[in-house]
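As structure tokens, the structure follows; a few thoughts come after it.
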Amino acid sequence: MKRLFDLFRNKFFWATMIFVVWMVFFDKNDLLSQYQYHQQVSKLEQEKKFYVTQTDKVHKDLDELNSNPAELEKFAREKYLMKKDNEDIFVVVKDKSSN
């Protein structure tokens, strides 16, 4: 008991405790901020992974379109409704309420 009492009377103990409390609760980089930063980093890493996969897919599609004229024509017809002079285009839209 005396040892504990001596510990509480020690000014270095109190300085250390004040420092720890300050760093844990009141500092700019307290525990709550660190947790929020970690969550934000995790979210950004997931977004980065998503965008990297999307970029790889787009590069693959671009290489395929540049190397295959038939695919380029198919892409232009489907995405931009392009047609030849002697053709007519009919767009069929499915009704979403019937699903």
(message) Please enumerate all residues that pass side chain to side chain donor-acceptor pair (under 3.5 Å) together with Glu87, with sequence neighbours excluded.
(response) Arg77

(message) Looking at every non-hydrogen atom in both residues, tell me the closest pair between Val24 and Asp30 and how far apart they are.
(response) O-CB, 3.1 Å

(request) For Lys83, look at atom NZ and say whether over 12 heavy atoms of other residues, nucleotides or ligands are found less than 6.0 Å away. (result) yes

(message) Return the CD to CD distance between Gln39 and Gln34, rounded to the nearest 0.5 Å.
(response) 12.5 Å

(request) Would you give the length of the straight line joining atom NZ of Lys43 to atom CD of Gln40, rounded to the nearest 0.5 angstrom? (result) 7.5 Å

(message) Can you pull out every side-chain hydrogen bond (donor to acceptor under 3.5 Å, both in side chains) where at least one residue sits in residues 14-29? Sequence neighbours excluded, please.
(response) none

(message) Which residues pass the side chain to side chain contact (heavy atoms under 4.5 Å, CB included) test with Ile18, not counting sequence neighbours?
(response) none

(request) Supply the members, apart from Val92, of the Ile/Leu/Val/Met/Phe/Trp/Tyr cluster built from side-chain contacts under 4.5 Å; use none for a lone residue. (result) none

(message) Taking Met23 as the starting point, is it possible to reach Val21 by hopping between hydrophobic residues whose side chains are less than 4.5 Å apart?
(response) yes

(request) Kindly give the cluster partners of Tyr35, where membership spreads through any ILVMFWY side chain lying under 4.5 Å from a current member. (result) none

(request) Please name all residues satisfying side chain to side chain contact (heavy atoms under 4.5 Å, CB included) with Tyr80, sequence neighbours left out, ordered by chain then number. (result) Phe75, Met82

(request) To the nearest 0.5 Å, tell me how far Leu32 CG sits from Phe25 CZ. (result) 11.0 Å

(message) Going by the rule side chain to side chain donor-acceptor pair (under 3.5 Å), which residues pair with Asn68 if we only count those two or more places apart in sequence or in a different chain?
(response) none

Listing, residues 46-65 side-chain donor-acceptor contacts under 3.5 Å, not counting sequence neighbours, or none:
{"unit_1": "Thr53", "atom_1": "OG1", "unit_2": "Lys49", "atom_2": "O", "d": "3.3"}
{"unit_1": "Thr53", "atom_1": "OG1", "unit_2": "Phe50", "atom_2": "O", "d": "2.6"}
{"unit_1": "Thr55", "atom_1": "OG1", "unit_2": "Tyr51", "atom_2": "O", "d": "2.7"}

(request) Output all residues satisfying ring-ring contact (aromatic ring centres under 6.0 Å, His included) with Phe13, sequence neighbours left out; order by chain, then residue number. (result) Phe8

